[in-house]
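Reminder, nothing fancy here: chain letters follow the sequence lines and each chain counts from 1.
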Number of protein chains: 2
Amino acid sequence: MESGRPYSRLLMRLDRMTNLRKADKLLVAALPLTVTNIPAGGQIARFDEPQCVLVVSGFVCGYKRVGMSRRQITSLFVPGDIAGLHGLLLPSSNDSLSALGAAVIAYLPCHALEGMLDASPQLAQALWRESFSEAAILREWIASLGRREALARVAHLICELVVRLQAVDLARDYNFAIYWTQMDVADACGISAVHANRVVQELRRLGVVEWDAKHLRIRDWDALTKIGEFSDSYLQHYTRPAPPIRYEMDHHQAF
Amino acid sequence: MESGRPYSRLLMRLDRMTNLRKADKLLVAALPLTVTNIPAGGQIARFDEPQCVLVVSGFVCGYKRVGMSRRQITSLFVPGDIAGLHGLLLPSSNDSLSALGAAVIAYLPCHALEGMLDASPQLAQALWRESFSEAAILREWIASLGRREALARVAHLICELVVRLQAVDLARDYNFAIYWTQMDVADACGISAVHANRVVQELRRLGVVEWDAKHLRIRDWDALTKIGEFSDSYLQHYTRPAPPIRYEMDHHQAF
DNA sequence: CGACCGATTGACACAGCTCAAATGAAGTGG
DNA sequence: CCACTTCATTTGAGCTGTGTCAATCGGTCG
């Protein structure tokens, strides 16, 4: 596993989403990537030409501003994820992208992605599945924000993050680097920064996590999933082998 | 406009999403639809064979159960919408579908939809755009649930609904039939039924809406958008003419 | 060393929840 | 056509999770 390449974790993800042939992997490896360092919390610029953003390391988030000052994070992207896939077909997205901590990203021109979809039905299918999977996560967040209290929201978010990081081999032993502040957690969970801090302390006090500025370690996974009412069923594509290709996709021409 | 057909409002939507040729419209008209009446609040069955659900009249919602009894509505579908599009590529969805009030729906076998995508790149693109548009709505709901108070959430929901209904000619003069109870509103906005009632009364008291059991009429659109911090920019495809086809899509083979 | 930013703590206020009961509207069966 | 049921709406009274404000502490970096 050439985990040094910017696209290596993307490959891990796509391969699990839809089994890839060797030729597909070569296509991914040939994508023109513009690797860029983003400082902590830095805005990720949107250029005229539609581009997607591949996360190489660190965390990236999509967020909206609500009212004057309140921020709501609407999605989180970890290494191997592509942010802004909807840019492929929808001209303008309504929310902004920024890094949480410091991050390394790679810009990916849409036309190159489209060329790839053109060349491989397997890859095309994997990317579409990816975007549906993203939507499944959005729905789960809605359930969390609407019907869970703060402690459960944070616990749920951590559970989700662990599963997603494990899929790209970044959370061995329930242990991973975090690239966010408690304020970021607050903005993701729809609570205030002060309350986020109280929740973090409560999770520590309960002995389910060790959580310092740079690192998070889950000490009691079962307890955490219980607190967060977490079930990984909406993340099948992160935990289970790729489902079979639907029908004879190769004949299908779409997009 | 043959607004008597089950698919007529779907056509209105798709045509605005991506301009359709006459041949495309014939393809849509030829879809095999199993029209079904659903009683008020009735669960919408999922069969073994993957099927999508076209809403013909009434409202349909996707929801999740959280904890033992709490329900969170994650998406709303109005006439012309297709629910369960993700079933095309993802085997299992994690949430359930039900009607809110009484509704008429049409089951639509996935293989027929895929045949359609196969036959027309324009339609394929329209459907993909549709699913991205759905995701944009999910993100907006996340912002609402996370960072707006109850009054604004409800106001925002109503604004969104009006725009979506107007796109299928069901909300002339800001006036439309509602197929939900206040409890449904509560479950969509992540608040309790009691509080939903208080919010409704407050909106009435402010003189921005007339709202009885079966009907809702907006008396002051500007005030309502202000209360709900609503901007229709995330619903472009409902309000503006279709964006051009991206690149030379006809060459693209995907899915 | 100072400046800055994030984490932490405490006190208080309030939006929204729960419980419980009353009212109203619509449908059902005798 | 009237009792009866059922379900949605409405109202009131506490209770609690979470927000706001403000201050302190601690680490990091120039």
| Would A/Leu145 and A/Gln72 satisfy side-chain contact (heavy atoms from CB on, under 4.5 Å), going step by step from the backbone distance to the final call? | CA-CA 11 Å; A/Leu145 289 167; A/Gln72 177 63 46; 4.1 Å; yes
| remark: Bend of the helix from C/dC1-D/dG30 to C/dG30-D/dC1 from end-axis comparison, five pairs per end, nearest 10°, comes to 40°
| note | CZ (A/Phe132) and NE2 (A/His237) are apart, to the nearest 0.5 Å, by 10.5 Å
| query | Crowded around A/Arg70 CZ? As in, over 12 foreign heavy atoms under 6.0 Å? | reply | yes
| Taking everything shown except A/Asp173 itself, do over 12 heavy atoms lie less than 6.0 Å from its CG? | no
| When rounded to the nearest 0.5 angstrom, what is the spacing between CD in B/Glu130 and CG in B/Asp81? | 6.0 Å
| task | Measure from NE2 on B/His195 to C1' on D/dT9 and round the result to the nearest Å. | result | 16 Å
| query | How is A/Gly190 classified with respect to the nucleic acid when contacts are heavy atoms under 4.0 Å: base, sugar-phosphate, or nothing? | reply | sugar-phosphate
| field | Spacing of A/Arg164 atom CZ and A/Leu235 atom CG [to the nearest 0.5 Å] | value | 7.5 Å
| query | Could you state the CE-P distance from A/Met183 to C/dG6, rounded to the nearest angstrom? | reply | 7 Å
| message | So A/Thr181, base contact, sugar-phosphate only, or nothing? Heavy-atom distance under 4.0 Å. | response | sugar-phosphate
| field | Integer-rounded Å distance: C/dT18 C1' and B/Ile191 CD1 | value | 15 Å
| field | From CA spacing to verdict: salt bridge (Lys or Arg N to Asp or Glu O under 4.0 Å), A/Arg71, A/Asp95 | value | CA-CA 11 Å; A/Arg71 179 177 72 148; A/Asp95 46 21; over 6 Å; no
| For the residue pair A/Phe59 and A/Trp180, does the interplanar ring angle fall in the parallel (under 30°), tilted (30 to 60°) or perpendicular (over 60°) class? | perpendicular
| query | How long is the span from the NE2 atom in A/His195 to the SG atom in A/Cys189, to the nearest 0.5 Å? | reply | 10.5 Å
| query | In this structure, which one of A/Ile73, A/Leu100, A/Thr181 forms a side chain to side chain contact (heavy atoms under 4.5 Å, CB included) with A/Asp187? | reply | A/Ile73
| Members of residues 140-160 of chain B that approach DNA chain C, where some heavy atom sits under 4.0 Å away | B/Glu149, B/Ala150
| query | Given atom CZ of A/Arg205 and atom C1' of C/dT9, what is their separation to the nearest angstrom? | reply | 16 Å
| said: How many whole angstroms separate atom CD of A/Glu202 from atom P of D/dT16? | reply: 16 Å
| field | Upstream residue (5' side of DNA chain D) when B/Ala213 and A/Arg70 are each assigned their closest nucleotide | value | B/Ala213
| query | Can a side chain N or O of A/Asn197 be found less than 4.0 Å away from OP1 or OP2 on C/dT8? | reply | yes
| said: Please tell me if A/Gln201 has a side-chain N or O lying less than 4.0 Å from either OP1 or OP2 of C/dA7. | reply: no
| field | Euclidean distance, atom CD1 of residue B/Ile178 to atom C1' of D/dT9 [Å, nearest integer] | value | 12 Å
| Are A/Glu140 and A/Arg148 close enough for a salt bridge, meaning some N to O gap below 4.0 Å? | yes
| field | Whole angstrom value for the distance that separates C1' of C/dG6 from CG of A/Leu100 | value | 15 Å
| said: What is the separation between atom CD on B/Gln182 and atom C1' on C/dA25, rounded to the nearest whole Å? | reply: 14 Å
| said: I'd like to compare against my own output: the B/S/- annotation of nucleotides 21-26 of chain D with a strict under-4.0 Å heavy-atom distance to protein. | reply: B-----
| message | Please identify which of these residues, A/Leu161, A/Val162, A/Val163, A/Asp169, meets the side chain to side chain contact (heavy atoms under 4.5 Å, CB included) condition with A/Leu165. | response | A/Leu161
